[in-house]
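Below is one structure, written out as structure tokens, with a few remarks after it.
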Amino acid sequence: MLVLITYDVNTEDAAGRKRLRQIAKQCINYGQRVQCSVFECMLDPGQYRTLEAKLLSIMDQEKDSLRFYELGANYKKKIRHYGAKTTYLPEEPLLL
């Protein structure tokens, strides 16, 4: 299933900047960055639970915000892209 993950981390102090880097690193391990704090991740249910638990353990619930949008397996009908950045197909391998 495709999961859209967004986050807003308070970076007023060094601890916040560290949390921001840690959250981004975990998201990079599971998906593709599509905007600064937005990732599209193709996850099975186990991966979803694992990633969610990791991110929740990193964030500060008093200062940060984390959102998960489950777009499911039929996500292609739910996404429209406009603008400069090229789009990609999440289910296909990324070549770096």
Side-chain angles (χ1 to χ4, degrees):
M1 82 175 110
L2 183 66
V3 178
L4 185 72
I5 300 172
T6 68
Y7 54 88
D8 187 17
V9 177
N10 182 312
T11 58
E12 292 177 353
D13 58 17
R17 291 186 291 277
K18 181 178 179 181
R19 288 193 311 275
L20 178 66
R21 288 189 304 274
Q22 289 175 332
I23 288 174
K25 184 177 179 181
Q26 288 302 318
C27 288
I28 287 168
N29 289 338
Y30 287 87
Q32 174 70 34
R33 184 188 302 260
V34 292
Q35 291 186 351
C36 291
S37 296
V38 181
F39 283 81
E40 290 179 357
C41 303
M42 288 298 293
L43 305 171
D44 64 39
Q47 291 172 319
Y48 184 20
R49 286 189 300 275
T50 299
L51 179 56
E52 183 179 39
K54 286 179 182 180
L55 297 180
L56 289 173
S57 72
I58 295 169
M59 74 175 291
D60 180 335
Q61 294 198 19
E62 300 293 319
K63 298 178 179 179
D64 307 332
S65 174
L66 183 61
R67 290 177 176 251
F68 295 84
Y69 298 90
E70 298 177 33
L71 300 178
N74 210 5
Y75 64 88
K76 290 179 185 177
K77 296 178 182 178
K78 299 175 184 176
I79 299 173
R80 286 196 276 298
H81 174 263
Y82 306 97
K85 289 188 177 181
T86 59
T87 191
Y88 74 104
L89 299 173
E91 69 276 359
E92 292 184 3
L94 277 174
L95 301 175
L96 303 174

(request) Determine whether C27 and L55 make a side-chain contact, defined as any pair of heavy atoms from C-beta on separated by less than 4.5 Å. (result)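 When only atoms from C-beta onward are counted, L55 and C27 do touch, with a gap below 4.5 Å.
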Could you state the interatomic distance from [atom1] ([X]) to [atom2] ([Y]), rounded to the nearest 0.5 Å?
| X | Y | atom1 | atom2 | answer |
| --- | --- | --- | --- | --- |
| S57 | I23 | OG | CD1 | 9.0 Å |
| M42 | Q32 | CE | CD | 13.0 Å |
| D13 | K18 | CG | NZ | 12.0 Å |
| Q26 | Y7 | CD | OH | 11.0 Å |
| F39 | N29 | CZ | CG | 9.5 Å |
| L4 | E70 | CG | CD | 11.0 Å |

(message) Does L43 form a side chain to side chain contact (heavy atoms under 4.5 Å, CB included) with E52? I'd like the steps, not just the answer.
(response) CA-CA 11 Å; L43 305 171; E52 183 179 39; over 6 Å; no
(message) Can a donor-acceptor pair be found, under 3.5 Å and without considering hydrogens, that links the side chain of N10 to the backbone of D64?
(response)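 No.
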(request) Look at the side chain of R33 and the backbone N and O of C36, then say whether any donor-acceptor pair between them is shorter than 3.5 Å. (result)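 Yes: the side chain of R33 pairs with the backbone of C36.
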(request) Among R21, R19, K25, find the residue that satisfies the side chain to side chain contact (heavy atoms under 4.5 Å, CB included) test when tested with I58. (result)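 Exactly one option meets the side chain to side chain contact (heavy atoms under 4.5 Å, CB included) with I58, and it is R19.
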(request) Give the intermediate values and the outcome of side chain to side chain contact (heavy atoms under 4.5 Å, CB included) for residues L51 and I5. (result) CA-CA 10 Å; L51 179 56; I5 300 172; 3.4 Å; yes
(request) Give a yes or no on this: more than 12 heavy atoms of other residues, nucleotides or ligands lie within 6.0 Å of atom CZ of R67. (result)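 No, the 6.0 Å shell around CZ holds no more than 12 heavy atoms from other groups.
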(request) Grab the two heavy atoms, one from Y30 and one from K54, that are nearest each other, plus how far apart they are. (result)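 For Y30 and K54, the tightest heavy-atom pair comes out as OH-NZ, 3.2 Å.
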